[in-house]
Chemist: 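Handing you this structure, nothing more for now.
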Amino acid sequence: VQLQASGGGLVQAGGSLSVSCAYSGRTLSDYPVAWFRATSGEERELVAGVSWSGEITYYAESVKGRFSITRDRAENLVTLQMNSLKPEDTATYYCAANTKRYRSTARIFIPAEYKTWGQGTQVTVSS
């Protein structure tokens, strides 16, 4: 099982970026996938998540209305579109899968259950 994050970069406040998570190996299309972020020395924060079908999404309060998560099951891809970015969105973004919740729609966004991780990708928002 592999999760490969890409995208990110440097943008000015108010701008947009997207990060993508491509997964391979075990069929992660049947499991929830989420994006977390962390700054140096801080615990990873669950930012957004999407169910196996793509029909159920979760957003942290801090990003609601600005971020959008989608998944393309045919392409094994989960994308986080980030708009109206703020300097406080600066972090390393990680995608992860919750392999405990096969085709589940309940309790699928419990951070501690996400144990399959990709590498991080840096997002920097300048003021």
Side-chain angles (χ1 to χ4, degrees):
V1 175
Q2 284 189 323
L3 293 158
Q4 182 73 35
S6 63
L10 173 64
V11 68
Q12 287 190 329
S16 298
L17 278 176
S18 67
V19 288
S20 294
C21 179
Y23 49 87
S24 62
R26 184 177 175 184
T27 308
L28 291 182
S29 290
D30 295 322
Y31 299 92
V33 173
W35 282 95
F36 292 72
R37 66 186 180 188
T39 55
S40 178
E42 293 192 3
E43 196 171 317
R44 292 181 185 181
E45 170 195 15
L46 174 57
V47 175
V50 62
S51 64
W52 71 275
S53 65
E55 294 178 349
I56 301 172
T57 57
Y58 165 88
Y59 297 97
E61 284 296 324
S62 58
V63 306
K64 274 184 183 177
R66 300 187 298 120
F67 289 14
S68 176
I69 188 169
T70 57
R71 79 185 298 165
D72 183 333
R73 297 183 74 239
E75 297 294 328
N76 289 353
L77 195 67
V78 174
T79 300
L80 182 67
Q81 176 65 42
M82 303 178 288
N83 301 322
S84 301
L85 282 161
K86 305 174 181 180
E88 51 264 43
D89 294 317
T90 295
T92 302
Y93 284 70
Y94 302 87
C95 62
N98 180 348
T99 58
K100 291 189 64 170
R101 303 287 177 177
Y102 175 80
R103 294 201 169 194
S104 177
T105 58
R107 296 173 55 81
I108 58 176
F109 300 125
I110 300 171
E113 292 188 351
Y114 284 78
K115 298 184 184 298
T116 302
W117 294 88
Q119 89 290 4
T121 185
Q122 180 65 33
V123 171
T124 303
V125 184
S126 63
S127 57

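Computed from heavy atoms alone, side chains included, the values below leave out hydrogens, waters and symmetry copies.
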Chemist: Between Asn76 and Ser24, does the side chain to side chain donor-acceptor pair (under 3.5 Å) criterion hold? Intermediate values first, please.
Modeler: CA-CA 7 Å; Asn76 289 353; Ser24 62; over 6 Å; no

Chemist: Using the side-chain contact (heavy atoms from CB on, under 4.5 Å) rule, pick out the option among Leu46, Val63, Val19, Leu80 that qualifies with Arg37.
Modeler: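 Result: among Leu46, Val63, Val19, Leu80, Val63 is the only option passing the side-chain contact (heavy atoms from CB on, under 4.5 Å) with Arg37.
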
Chemist: A side-chain contact here means heavy atoms from C-beta on lying under 4.5 Å apart; do Thr99 and Tyr31 qualify?
Modeler: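 Yes. Closest side-chain heavy atoms under 4.5 Å.
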
Chemist: Below 6.0 angstrom between ring centroids: does that apply to Trp52 and Tyr102?
Modeler: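 Trp52 vs Tyr102: aromatic centres not under 6.0 Å.
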
Chemist: Any donor-acceptor pair under 3.5 Å linking the side chain of Thr124 with the backbone of Thr90?
Modeler: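 Not confirmed, Thr124 side chain does not pair with Thr90 backbone.
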
Chemist: Spell out, as yes or no, whether a donor-acceptor pair under 3.5 Å connects the side chain of Arg71 to the backbone of Gly54.
Modeler: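 Not at all, since once roles are kept as given, no pair shorter than 3.5 Å links the two residues.
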
Chemist: Working to the nearest 0.5 Å, report the span between CZ of Arg66 and OG of Ser84.
Modeler: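 Going from the CZ atom of Arg66 to the OG atom of Ser84 covers 7.0 Å.
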
Chemist: Hey, are Ser68 and Gln81 close enough side-chain-wise for a donor-acceptor pair under 3.5 Å?
Modeler: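 There is no such pair (donor and acceptor under 3.5 Å, judged by atom type) between the side chains of Gln81 and Ser68.
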
Chemist: Looking only at heavy atoms, which two atoms of Thr79 and Ser20 are closest? And how far apart?
Modeler: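 Residues Thr79 and Ser20, closest heavy atoms: OG1-OG, 3.3 Å.
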
Chemist: Where do Thr121 and Ala5 come nearest, in terms of heavy atoms and distance?
Modeler: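 Result for this residue pair: CG2-CB, 4.3 Å.
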
Chemist: Determine whether Lys86 and Ser127 make a side-chain contact, defined as any pair of heavy atoms from C-beta on separated by less than 4.5 Å.
Modeler: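 Contact flag for Lys86/Ser127 side chains = no.
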
Chemist: Checking Tyr59 side chain against Ile69 main chain: does a donor-acceptor pair fall under 3.5 Å?
Modeler: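 A pair under 3.5 Å: yes.
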
Chemist: Mind checking whether Tyr94 and Trp117 have parallel, tilted or perpendicular rings, split at 30° and 60°?
Modeler: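 Perpendicular.
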
Chemist: Less than 6.0 angstrom separating the ring centers of Tyr114 and Phe36, yes or no?
Modeler: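 Centroid separation for Tyr114 and Phe36: below 6.0 Å.
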
Chemist: Can you confirm whether more than 12 heavy atoms, excluding those of Glu88, are under 6.0 Å from its CD atom?
Modeler: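 Counting other residues, nucleotides and ligands, CD of Glu88 exceeds 12 neighbours.
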
Chemist: How many angstroms lie between CZ in Arg103 and OG in Ser51, if you round to the nearest 0.5 Å?
Modeler: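 Rounded to the nearest 0.5 Å, the CZ-OG separation comes out at 11.5 Å.
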
Chemist: Between Arg44 and Tyr93, is a side chain to side chain donor-acceptor pair (under 3.5 Å) present by the stated rule, with each step listed?
Modeler: CA-CA 9 Å; Arg44 292 181 185 181; Tyr93 284 70; over 6 Å; no

Chemist: Enter the distance from Arg73:CZ to Leu28:CG here, rounded to the nearest 0.5 Å.
Modeler: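 If I round to the nearest 0.5 Å, the distance is 11.0 Å.
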
